[in-house]
Structures are given as structure tokens and as C-alpha cells.
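Ligands are counted one by one from 1 in listed order, and the atoms in each one are counted from 1 as well. Numbers here simply count residues along the sequence, with the first being 1. Hydrogens, waters and symmetry mates are skipped; everything else that's a heavy atom, side chains included, is used.
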Amino acid sequence: MESTLSIIKPDAVAKNVIGKIVDRFESNGLKIAAMKKVQLSQADAEAFYAVHASRPFFGELVSFMISGPVVIMVLEGENAVLKNRDLMGATNPKEAAKGTIRADFADSIDANAVHGSDSLENAKIEIDFFFARREIL
Ligand code: RTP
Ligand code: MG
């Protein structure tokens, strides 16, 4: 059993498709072990995406992530990290495979609907960043 972190980004929350995205996870064998709606601060977003701090898109990424509320989840299941990445599709929705969350709900490489941990190691770090043990059930 693995756990991974998922974020429904501000664009998808604004589009009112939280339920449709959660359904993709539940329909594909992932369980919602924790879930909360949060308005990230600039400091939250900068710390969460610190690995990208030197990238040219960092400023845009941070301002996009704080442009409205997000929904943060811990997903649990077999191969949860990879399964979530497969369900999400490619970073750029134009390149995302048919039927993936980004192909169906994302508008651009910035407003790309969801975040998902990219490794088991990062999943643990990201889950600890947002959730206390008692919030994960
Ligand atoms: P995420 O971390 O949000 O799940 O996305 P990802 O792994 O598919 O992509 P990553 O390389 O980690 O990049 C994080 C987010 O930064 C934005 N980005 N913009 N303009 C660009 O070239 C560019 N590249 C990445 C995307 O919003 C991406 O989700
Ligand atoms: Mg990433």
C-alpha cells in the first residue's frame, strides 16, 4: 500500500469539478485518506514548490497556486504514486493522453488542474508538509 499527495489546483476548483476529479481517483481504486480545502499563502506555495525555485516558471507557478483555494488530498492504494500520475496525464494538457484528468479539465501548462507527488520519497515529504498524522485515516 502506498500513499501520495494530490492537489486540485485553483483552476479546477474554480470550474467546480472537485467531485469529477475525486471520482477519477475513487473509480480507479484509490482511497481518500485525507482531504481539505485551503487557501495557500505565498510562503506555503514557495516552500511547497521549493525544488522549482530556480526555474523560470517559478514566479508564475507560485502566483497561480495562490490565485484561489485548492483541495489537498492524501490518496492511498496499490502503486498510488504512479497510478495518480497516470490518471493525471502529462504536465502540458496538450500532450496529455485522452481520458486523463489534465486532458479533460486543464487549460494550459500553468492551469493544469492537478498536482501529484512524483516519487514515493517526495510523497512522504509532501504529505508531512500539509497533514498531521491524526488527519490521515
Ligand atoms: P506538478 O508538480 O504540479 O504535479 O506537475 P508536474 O510534476 O507534472 O510538473 P513539474 O515539472 O513538477 O512542474 C510543476 C508545475 O510547474 C508548471 N510548469 N510550467 N512553463 C513551463 O515550462 C512549466 N513547466 C512546469 C506546471 O504547472 C507544473 O504542473
Ligand atoms: Mg512535479
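- In this structure, E126 falls outside the shell of residues with a heavy atom less than 4.0 angstrom from ligand 1.
- L87 CG to S27 OG: the interatomic distance, rounded to the nearest 0.5 Å, is 9.5 Å.
- Scanning the protein heavy atoms around atom 14 (C) of ligand 1, the nearest turns out to be H52 NE2, 3.6 Å.
- Using the six-membered ring where Trp is involved, F48 and H115 have ring planes that are perpendicular, over 60° apart on the 30 and 60° scheme.
- Atoms of ligand 1 found under 4.0 Å from any heavy atom of M88, numbered from 1 in the order shown, are 4 (O).
- Looking only at heavy atoms of the protein, atom 15 (C) of ligand 1 is closest to L61 CD1, 3.7 Å.
- Nearest protein neighbour of atom 29 (O) of ligand 1, counting heavy atoms only, is N112 ND2, 2.8 Å.
- Using a cut-off of 4.0 Å between Lys/Arg side-chain N and Asp/Glu carboxylate O, K20 and D104 are scored as not salt-bridged.
- Remark: D128 engages R133 in a salt bridge, criterion side-chain N to carboxylate O under 4.0 Å.
- Residue contact check: T91 has heavy atoms under 4.0 Å from atoms 6 (P), 8 (O), 9 (O), 26 (C), 28 (C), 29 (O) of ligand 1.
- S117 contributes a side-chain N or O that, together with a main-chain N or O of L5, makes up a donor-acceptor pair within less than 3.5 Å.
- Proximity of I109 to ligand 1, defined as any heavy-atom pair under 4.0 Å, is shared by backbone and side chain alike.
- If you chain together hydrophobic residues whose side chains sit under 4.5 Å apart, M65 and V13 never meet in one group.
- Atom NZ of K15 has more than 12 heavy atoms from other residues, nucleotides or ligands within 6.0 Å.
- Within the structure, the closest approach of D110 to ligand 1 falls below 4.0 Å when heavy atoms are considered.
- The closest approach between K9 and ligand 1 falls below 4.0 Å for a heavy atom of the residue.
- At a heavy-atom distance under 4.0 Å, no atom of F64 approaches ligand 1.
- With hydrogens left out, the protein atom closest to atom 1 (P) of ligand 1 is H115 ND1, 3.1 Å, a heavy atom.
- The CZ atom of F131 lies 8.5 Å from the CE atom of M73; values are rounded to the nearest 0.5 Å.
- Taking both residues in full, the closest heavy atoms of D44 and F129 are given as O-CZ, 3.6 Å, listed atom of the first, atom of the second, then distance.
- Within ligand 1, counting atoms from 1 as listed, the ones closer than 4.0 Å to a heavy atom of G116 are 4 (O).
- Atom CD1 of I136 is separated from atom CE of M35 by 14.5 Å, given to the nearest 0.5 angstrom.
- Of the protein's non-hydrogen atoms, R85 NH1, 3.0 Å is the one closest to atom 7 (O) of ligand 1.
- What sits closest to atom 5 (O) of ligand 1 on the protein, heavy atoms only, is R102 NH2, 3.2 Å.
- Here the heavy atom of the protein found nearest to atom 16 (O) of ligand 1 is F57 CE1, 3.2 Å.
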